[in-house]
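Below: the structure, in structure tokens.
Residue numbers start from 1 in every chain, and the chains themselves are labelled A, B, ... in the order their sequence lines are given, proteins ahead of strands.
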Amino acid sequence: SQTIHQWPATLVQPVGSPLSLECTVEGTSNPNLYWYRQAAGRGLQLLFYSVGIGQISSEVPQNLSASRPQDRQFILSSKKLLLSDSGFYLCAWRGRRVNEQYFGPGTRLTVT
Amino acid sequence: SQQGEEDPQALSIQEGENATMNCSYKTSINNLQWYRQNSGRGLVHLILIRSNEREKHSGRLRVTLDTSKKSSSLLITASRAADTASYFCATDAGGAGSYQLTFGKGTKLSVIP
């Protein structure tokens with residue numbers, strides 16, 4: 001069966017510090033991968049998606065970047081965090097033959 | 001902008017009652033999906049309804065889709081305290097290769113024991 005992991009689960013970082021969040025998927029190959037951000041009490045905002053290694057599409061201009069160095073690994077990064085980067089970050093994958101997405105447990109980021 | 005908009009934003013009911021949540025969207029879609037999120041957790045896929053379907057059932061869940069009104073509803077029958085969560089609709093509007101979903105802001109359901 002497929003599983004998706006995210007780490008860390010929680011993170012408190014000062015403004016101006018770098019960020020690296022990691023997401024890995026097991027049990028499937030060549031998935032579509034997605035990074036979302038969820039502000040408190042709000043819906044999900046799609047940040048990045050990837051249809052293959054090294055292929056990243058950005059949905060909103062922002063302080064963040066994403067990379068996909070391996071088929072089942074998706075990384076969200078920032079060189080300098082802003083207060084507005086605080087939120088709940090969710091990684092998701094989608095198989096090639098299905099329409100639904102499967103989400104990881106999320107990372108709660110607080111920028112202080 | 002958000003494709004899906006859920007209504008109501010919050011709903012509080014007694015255990016055993018039915019809960020109905022609505023979703024409206026703006027553009028043509030391939031399918032519409034409902035997800036559930038427990039507090040502080042990731043989303044879990046509940047049910048998918050295709051644009052050529054009008055109603056779908058899964059256990060205590062019933063989803064309807066009216067493409068002429070660009071709206072969908074999720075009915076949870078005989079609610080339980082464990083159904084307490086936020087529920088999101090998500091629309092798949094297609095687009096070559098992107099396979100994106102656009103999520104609404106969600107309905108927060110509280111089921112009181």
With respect to chain B, which residue among A/R108, A/Q6, A/Q101 yields the maximal number of heavy-atom pairs within a distance under 4.5 Å?
A/Q101

Between the CG atom in B/N31 and the CG atom in A/N99, the distance rounded to the nearest 0.5 Å is 4.5 Å

CG of A/L44 to CG of B/L101, rounded to nearest 0.5 Å, is 10.0 Å

Same cluster (ILVMFWY, side-chain, under 4.5 Å), A/W93 and A/F48
yes

Shared ILVMFWY cluster between B/L109 and B/L74, side chains joined below 4.5 angstrom?
yes

Does the pair B/Q100 and A/E59 meet the rule for a side-chain contact (heavy atoms from CB on, under 4.5 Å), with working shown?
CA-CA 10 Å; B/Q100 295 179 44; A/E59 287 301 297; 3.3 Å; yes

Does A/L76 belong to the same Ile/Leu/Val/Met/Phe/Trp/Tyr cluster as A/V12, with side-chain heavy atoms less than 4.5 Å apart forming each link?
no

Which portion of A/Y36 sits near chain B, non-hydrogen atoms under 4.5 angstrom
side chain

Counting only heavy atoms not in B/R80, do more than 12 sit closer than 6.0 Å to its CZ atom?
no

Taking only heavy atoms into account, what residues of residues 35-56 of chain B are found under 4.5 Å from chain A?
B/Y35, B/Q37, B/G40, B/R41, B/G42, B/L43, B/H45, B/L48, B/R50

Whatever's closer than 4.5 Å to a heavy atom in chain B on A/Q38 counts as side chain

Does CD belonging to B/Q9 count more than 12 external heavy atoms closer than 6.0 Å?
no

So if you build clusters from Ile, Leu, Val, Met, Phe, Trp, Tyr with side-chain heavy-atom gaps below 4.5 Å, do A/V15 and A/L21 land together?
yes

Same cluster or not: are A/Y89 and A/L11 linked, directly or through other Ile, Leu, Val, Met, Phe, Trp or Tyr residues, by side-chain heavy atoms under 4.5 angstrom apart?
yes

Donor-acceptor pair, side chain of A/Q45 and main chain of B/F103, under 3.5 angstrom
no

